[in-house]
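The block underneath contains the structure these notes are about, expressed in structure tokens.
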Amino acid sequence: MSDMQKRPEDIDRESEEIIEETMKEIFDDINNSDEFKEMDDSYEESEEAADESGQEDKAEEENGRPLSEDTDAGGLSSDDSDIETAGVEEEPDSEDEAAEEEASENNDESEDGYESDEDDFEPDEDDVASNEDDFESDEDDGEETEAEKELRRHRRRKKAGIIAASVAGALILIYIGFAVFFSSHFMFFTEINGQDFSMKSVSQVEEYMKKQVADYVLTLEESDGGTETIRGADISLEYVQGKELKQLVKKQNNFLWIESLWKHPEITAEVGVKYDENALKSITENLKCLNPDNQTASVDAHPEFKDTEFVIVPEVIGTQIDTEKFNEAVSTAINGFVSSVDLADAGCYIKPRFVSDSKEVTAAKDAMNSYLGASVTYDFSPNTEVVDASVISQWVKVDADMNVTFDEEAVKAYIQTLADKYNTKGKTRTFTTAGGNSVTVEGGSYGWRIDQEAEYNALTANIKNGETVTREPEYSSRAASHDVNDFGNTYAEVDLTNQQMYFIQNGQVVLQTGIVTGNPNKGNGTPQGTYSLAYKALDQVLRGKKKPDGTYEYESPVKFWMPFNGGIGFHDATWQPTFGGSRYQTNGSHGCVNMPYDKAAQLYDLISAGTPVILHY
């Protein structure tokens with residue numbers, strides 16, 4: 001296994017270990033660089049100058065120290081100072097003073113060489129003891145003077161400064177050495193197209209690339225856990241040496257190399273390859289993941305009713321491939337010698353438009369929940385029907401753009417069930433006549449009928465506004481009652497077989513009379529059915545069809561006019577000599593119910609618009 005293949009182990013090593021392992025290579029590069037040689041010469045010159053300066057400082061210090069001491073400590077008067085300044089050398093007062101001077105000179109020589117230990121800078125205990133009598137002080141035996149302590153501290157500080165400067169200089173040289181090294185090498189923890197190339201030169205990277213061509217395999221990692229592969233050999237893959245790697249090295253800020261220890265540079269690049277594009281196209285077209293039969297579409301996050309409210313159902317990412325992005329991801333991977341592509345991470349799947357935290361989804365959920373607060377109670381006395389949250393939740397929907405809508409078909413289907421249950425208009429009724437007989441009555445325009453379009457608009461408005469209401473539905477036709485007999489207990493009855501008319505008020509017959517209805521033999525028979533009185537009017541002229549000459553088939557002035565079925569109604573008929581029996585079969589009307597004048601007047605007073613009229617045989 002090559003060094004380039006040990007990526008996980010390299011990354012786990014501590015920075016100090018990596019630096020230690022590469023120091024030799026780095027310093028070889030540094031020693032061979034012109035910049036370092038110039039820097040080294042400059043540094044040596046600065047060190048020599050510092051040594052000379054240090055020598056002068058020490059000489060001045062030693063010559064000046066006795067001058068600063070007072071007469072008791074050094075044994076010199078102000079006159080002695082003047083003599084020394086003039087260049088006259090003074091003999092030591094005693095052997096002890098000569099010994100002390102000799103020890104001081106020896107210490108100075110050790111300091112100039114920077115080779116002695118710290119103990120070399122301290123006076124020998126025996127020397128200090130021999131000089132005690134020459135100092136006029138009250139201090140105990142074995143103690144050094146303040147001047148000697150200060151001298152020793154000064155020397156220690158100077159030595160520490162030199163050591164610190166040396167260490168700092170070494171660190172600077174090391175840092176600059178790494179900077180020089182990384183001008184031609186990739187930095188620590190550098191990945192190119194997912195492969196570790198830490199501290200590798202361009203030539204080393206290129207050599208790696210060349211070796212990988214023959215065995216290159218691109219693995220496609222699919223979202224369902226499956227994998228498919230594309231072999232480099234199958235697309236005639238070849239490595240082509242280019243300039244991009246050199247450019248990538250130059251783009252590095254090598255003087256900030258230390259940042260790579262924690263930032264870990266990641267580079268995506270085309271490193272130079274060529275291959276048979278037609279062969280690649282042929283291979284990808286036959287991949288299982290691109291087969292439409294194996295793909296499932298993504299599902300948007302959306303509100304859904306759970307228990308008592310709408311909640312957001314998370315999105316589902318399907319396996320439907322975005323072909324353009326897929327081809328781009330494969331091409332990029334091959335051009336970069338990337339060994340695998342996660343199709344999900346590469347964005348190759350067509351993602352949902354909306355996810356759980358999309359503001360559109362949240363807004364839709366909130367709007368839908370606000371609709372659940374509505375409650376509509378329909379009054380079908382004595383019955384009721386209630387539209388509440390359990391019903392509304394089935395109707396409120398969101399479209400593909402997260403717009404809240406109502407399932408129009410579902411709402412209208414509900415209204416249709418109300419109509420089927422409560423509409424009576426046009427339905428066949430079982431009727432008990434005033435004579436006590438049970439008859440079946442078909443047809444007519446009387447009864448309940450819900451205006452379904454108007455009711456849809458009213459109901460959805462109630463829900464959108466979050467209203468709580470009790471009301472009747474919108475009707476296009478009304479009746480007297482929601483009981484079995486919707487005509488109630490006040491109505492007009494016409495017995496077409498027996499030619500009798502009755503008016504029942506509050507369940508009691510208050511009017512009965514013989515009548516003449518339409519002549520069935522002339523095609524004018526009065527139709528049966530249940531109707532309601534449209535209106536009533538006095539002093540009307542009833543006319544037949546208008547003829548071409550402008551006249552009418554007939555014109556009949558009446559005092560009392562009470563229509564219930566278009567042009568068919570109750571009215572007085574003074575031209576009829578008799579009523580009832582079989583007269584209608586020979587001298588019947590054009591369809592109206594002819595009544596005696598006084599009976600018509602009585603009915604006119606009893607009946608009103610909307611009153612049910614039931615005609616039967």
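When reading the values below, keep in mind they use all heavy atoms of this one structure, side chains included, and skip hydrogens, waters and symmetry mates.
- For T497, there are no side chain to side chain donor-acceptor pair (under 3.5 Å) partners two or more places apart in sequence or in a different chain.
- Salt-bridge annotation for D572 and K599: absent, with no side-chain N of the basic residue lying under 4.0 Å from a carboxylate O of the acidic one.
- Using a cutoff of 4.0 Å between basic side-chain nitrogens and carboxylate oxygens, D539 and K559 are scored as salt-bridged.
- In this structure Q452 satisfies the side chain to side chain donor-acceptor pair (under 3.5 Å) test together with Q416, sequence neighbours excluded.
- Ring pair F337/Y216 is perpendicular by interplanar angle, where above 60° counts as perpendicular and below 30° as parallel.
- With 3.5 Å as the limit, one finds a donor-acceptor pair spanning the side chains of E493 and H616.
- One finds no salt bridge joining K365 and E304 here, because no Lys/Arg side-chain nitrogen approaches an Asp/Glu carboxylate oxygen to under 4.0 Å.
- Salt bridge E315/K351: absent, no basic N to carboxylate O contact under 4.0 Å.
- With sequence neighbours left out, E266 forms a side chain to side chain donor-acceptor pair (under 3.5 Å) with no residue at all.
- Not a single salt bridge (Lys or Arg N to Asp or Glu O under 4.0 Å) links E409 to another residue, sequence neighbours left out.
- Residues satisfying the side chain to side chain contact (heavy atoms under 4.5 Å, CB included) criterion with T417, sequence neighbours excluded, are Y414.
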Which pairs of donor and acceptor atoms, one on a side chain in residues 227-238, lie under 3.5 Å apart (sequence neighbours left out)?
from : atom 1 : to   : atom 2 : distance (Å)
E228 : OE1    : K288 : N      : 2.9
E228 : OE2    : K288 : N      : 3.3
E228 : OE2    : C289 : N      : 3.0

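- Under the 3.5 Å distance criterion, with hydrogens and angles disregarded, no donor-acceptor pair is assigned to the side chains of N383 and H482.
- Here the options are L287, T284, D342, the test is side-chain contact (heavy atoms from CB on, under 4.5 Å), and the partner is L220; only L287 passes.
- For the side chain to side chain donor-acceptor pair (under 3.5 Å) test, residues two or more places apart in sequence or in another chain that qualify with N403 are D399.
- Screening residues 539-559 for ring pair (Phe, Tyr, Trp, His ring centres under 6.0 Å), with sequence neighbours left out, gives Y554-H590.
- The closest side-chain heavy-atom distance from S445 to K425 is below 4.5 Å.
- Atom CD of Q508 sits in a sparse spot, with 12 or fewer heavy atoms from other residues, nucleotides or ligands closer than 6.0 Å.
- A donor-acceptor contact shorter than 3.5 Å links the side chain of S370 to the backbone of A367.
- The ring pair (Phe, Tyr, Trp, His ring centres under 6.0 Å) contacts involving residues 343-373 comprise Y371-F406, where partners must be two or more places apart or lie in separate chains.
- Residues M562 and I607 form a side-chain contact, since some pair of their non-hydrogen atoms from C-beta on lies under 4.5 Å apart.
- For Y378 and Y422, the ring centers sit 6.0 Å or farther from each other.
- K281 meets the side chain to side chain contact (heavy atoms under 4.5 Å, CB included) test with E285; sequence neighbours excluded.
- Partners of N423 under the side chain to side chain contact (heavy atoms under 4.5 Å, CB included) rule, at least two apart in sequence or in another chain, are A419, R449, I450.
- With hydrogens and angles ignored, the 3.5 Å screen pairs a side-chain donor or acceptor of N521 with a backbone N or O of Q585.
- Take A346 and apply the side chain to side chain contact (heavy atoms under 4.5 Å, CB included) test, not counting sequence neighbours, and it matches A329, V341, C348.
- The shortest non-hydrogen separation linking N587 to N519 is N-ND2, 4.4 Å.
- S375 and T468 share no donor-acceptor pair across their side chains, judged by distance under 3.5 Å alone.
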